[in-house]
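Proteins get letters first, then strands, A, B, ... in listed order; numbering begins at 1 in each.
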Amino acid sequence: MADLTTVLGPLKLPNPVLVASGTFGYGEEYGTYIDLNQLGGLVVKGTTLHPRGGNRPPRIVETPAGLLNSVGLQNPGVDAVIREELPKLTGLKCPVIVNIAGSTVGEYAEVAARLNGQPSVAALEINISCPNVEEGGLAFGTDPVMVRDVVQAVREATTLPLICKLSPNVGDIVQIAEAAVEGGAQILSLINTVLGMSIDVQARRPVLANTFGGLSGPAIRPIALRMVWEVYAALRVPIIGMGGITSGQDALEFILAGAGAIAVGSANFVDPRISVRIIRELEAYIESQGLDGLSSLVGAAHP
Amino acid sequence: MLTTVRKNTMLADGIYRLILSAPQVAADAEPGQFVHVQTAPQMSRDPFLRRPLSIHECSPQEGTIALLYEVVGRGTHLLSHLQPGDEVDLLGPLGRGFTLVPGRRPVLVGGGMGLAPLLFLARRLREAGQRPAVLVGFRRGRDVVASEDFAALGCQVEIATEDGSVGFRGVVTTLLEKHLSSEDAVYACGPRPMLSALKDACQQAGAPLQVSLEERMGCGIGACLGCACPTPNGYVRVCTEGPVFWAEEVDLHG
Ligand SMILES: Cc1cc2nc3c(=O)[nH]c(=O)nc-3n(C[C@H](O)[C@H](O)[C@H](O)COP(=O)(O)OP(=O)(O)OC[C@H]3O[C@@H](n4cnc5c(N)ncnc54)[C@H](O)[C@@H]3O)c2cc1C
Ligand SMILES: Cc1cc2nc3c(=O)[nH]c(=O)nc-3n(C[C@H](O)[C@H](O)[C@H](O)COP(=O)(O)O)c2cc1C
Ligand code: FES
């Protein structure tokens, strides 16, 4: 039997296939399609200090090989998540990771503090693609100083393993990755969605009520792969790779580029069973190649 | 789940009825629910997302469901090329359907392809011993489809066309206003402006109204929050809390 156990710094996963934040709710909806215990990890929706209503519809538009979304950070707030959502996830075999967001450094830290000690939480993933209201709405993730500050503040507020999820909407991803590690991130997730837009030529207006949205799906896979490659080459830090993964083969590309684990996002919408299918495909690959596991493949495409 | 095409028939210019062998869906479906259909040829993942389509008819005995769709873009264009024997991957039945209101005359109002879910609903109402009036509106006389199917169920059918070539000249909302009484229960599906006008009319008449809404979807199963519809208490998911809502639950202008 292939052993898919995966170690990412302080975080141990039963296998390297996670489901990405915002694409899997709190797992419940997918429970009728798959056995959630089989997942390598479940990253829940972005959680903020206060409840957020999210953006006006339309929030979704299909684009070539993917989609744009402007859901915004719709969520019931950290206290309601702790009260109502996390208890339903206790007893799950796969680690639950909470994705956290905020509009100020203080908010991130407070969300992290409240999640500290929650029995069902295995790690925190910091979403730094949010606008920083104290810095004129500039996204945290675009500036190395802000990245280091926000990661550091969260680091001080929690004892949980810390993942920082990087935004691709930056000039130099390695510089941002370094700042996140400096701030205390032990694992990096990349990538979040790529900023884009679509225009309705009949209405002559942007399709999304929010004008801009985040592009995801196979369309962004080459960008994501390149960024995983660059960050691995520079830092050798544990990486969760994501962006357009729809098959075991796609997952292997990320692993060979340097990702120790991968996350499936938008592909869950197309096939709610795809995460488990990818796990099976990775097992089949390991067996067909006569390997013990995947660890020898991580970053193996680098010269 | 994989289903098999029985028939895919063009009923009018660009309007098709697709009959699928789907025993499980047929056994579980309620009127107003939808299926999320993979239109991409196998392995191609292009187009990327599934397409939501209402369950138009349903025969648990035969293990079939019917979809009624208009070709508007790439996904529905691909569907129109399906042949008997082809496989179609779909999720469903999904969402919350219509609630059958006892003791009131059912009035079913459909605008364009909004009539799709109403045939299955009409059958269930007939089975419950009710006699629905069906009002359907189309842009052009040559778009008129399915009216004979409602008639065959014993429904009283009235048609409105904007070009006046068939039935009443005008919009279906005007047709409803002529009929509506406080004894009615109205079930509607169609464009947002139509539903919004119906909401005003039904409120005035004191008739309860259920509306089936459309919104762009990601997952179709409640996980992505892409299909938001505004309500007085925040957003709800059209795919899960809907697609059918009581009119007063949702903000139809938003
Ligand atoms: C619950 C529900 C039930 C529906 N039932 C029917 C039905 O029975 N018959 C029918 O003909 N149509 C129905 N529609 C509309 C149907 O989903 C769209 O016409 C279809 O998705 C268009 O796909 P396309 O690829 O041909 O068009 P494109 O315009 O190329 O589609 C591009 C994207 O926009 C989305 N989209 C486009 N129009 C709509 C729309 N009106 N509503 C939601 N998403 C849209 C598509 O799903 C796709 O993601 C329903 C919609 C919903 C939400
Ligand atoms: C509808 C939707 C909602 C998302 N919500 C979040 C979120 O709340 N927090 C976050 O860090 N990333 C969020 N993401 C980004 C995904 O987790 C993932 O990084 C991105 O979609 C790329 O992967 P994919 O191409 O496989 O979807 C969201 C993506 C989508 C499509
Ligand atoms: S389409 Fe994803 S929540 Fe409704």
Counting only heavy atoms closer than 4.5 Å, note whether N55(A) contacts chain B via side chain, backbone, both or neither. backbone

Regarding R50(B) and E62(A), does a basic nitrogen lie under 4.0 Å from an acidic carboxylate oxygen? no

Crowded around Q24(B) CD? As in, over 12 foreign heavy atoms under 6.0 Å? no

Max heavy-atom pairs within cutoff under 4.5 Å with chain A, candidates G226(B), C227(B), C229(B), G234(B), goes to G226(B)

So CZ of R216(B) and CG of L67(A): to nearest 0.5 Å the spacing works out to 11.5 Å

With a sphere of 6.0 Å drawn around NZ of K7(B), does it hold more than 12 non-hydrogen atoms of other residues, nucleotides or ligands? no

Top contributor to chain B interface from A65(A), P218(A), A219(A), G72(A) [non-hydrogen pairs under 4.5 Å]: P218(A)

Y26(A), part contacting chain B, at a heavy-atom distance under 4.5 Å: neither

Quick one, E215(B) and P58(A) - any side-chain contact, counting heavy atoms below 4.5 Å? yes

Would you indicate whether R139(B), at its atom CZ, is surrounded by more than 12 heavy atoms from other residues, nucleotides or ligands within a distance under 6.0 Å? no

Walk me through whether F24(A) and C224(B) qualify under side-chain contact (heavy atoms from CB on, under 4.5 Å). CA-CA 7 Å; F24(A) 214 78; C224(B) 74; over 6 Å; no

Select, from A228(B), A40(B), G220(B), the one with the greatest count of heavy-atom pairs under 4.5 Å involving chain A. A228(B)

Looking only at heavy atoms, what is the nearest atom pair of C219(B) and Y30(A), with distance? CB-OH, 4.2 Å

Taking it one step at a time, do M217(B) and I60(A) satisfy side-chain contact (heavy atoms from CB on, under 4.5 Å)? CA-CA 7 Å; M217(B) 292 187 179; I60(A) 294 258; over 6 Å; no

Can you tell me if R96(B) has over 12 outside heavy atoms packed within less than 6.0 Å of its CZ? yes

Is it true that, when you exclude N37(A) itself, more than 12 heavy atoms of the residues, nucleotides or ligands shown sit nearer than 6.0 Å to its CG? yes

Residues N69(A), L225(B); criterion side-chain contact (heavy atoms from CB on, under 4.5 Å); working and verdict: CA-CA 10 Å; N69(A) 92 81; L225(B) 309 181; over 6 Å; no

Residue P272(A) versus chain B: region with a heavy atom under 4.5 Å: side chain

Give the intermediate values and the outcome of side-chain contact (heavy atoms from CB on, under 4.5 Å) for residues I221(B) and F269(A). CA-CA 8 Å; I221(B) 62 173; F269(A) 306 161; over 6 Å; no

Proximal component of S247(A), with respect to chain B [non-hydrogen, under 4.5 Å]: neither

Would R59(A) pass as a cation-pi partner of Y235(B), given that its NZ or CZ must be under 6.0 Å from the six-membered ring centre and within 45 degrees of the axis? yes

For T246(A), is it the side chain, the backbone, both or neither that has a heavy atom under 4.5 Å from a heavy atom of chain B? both

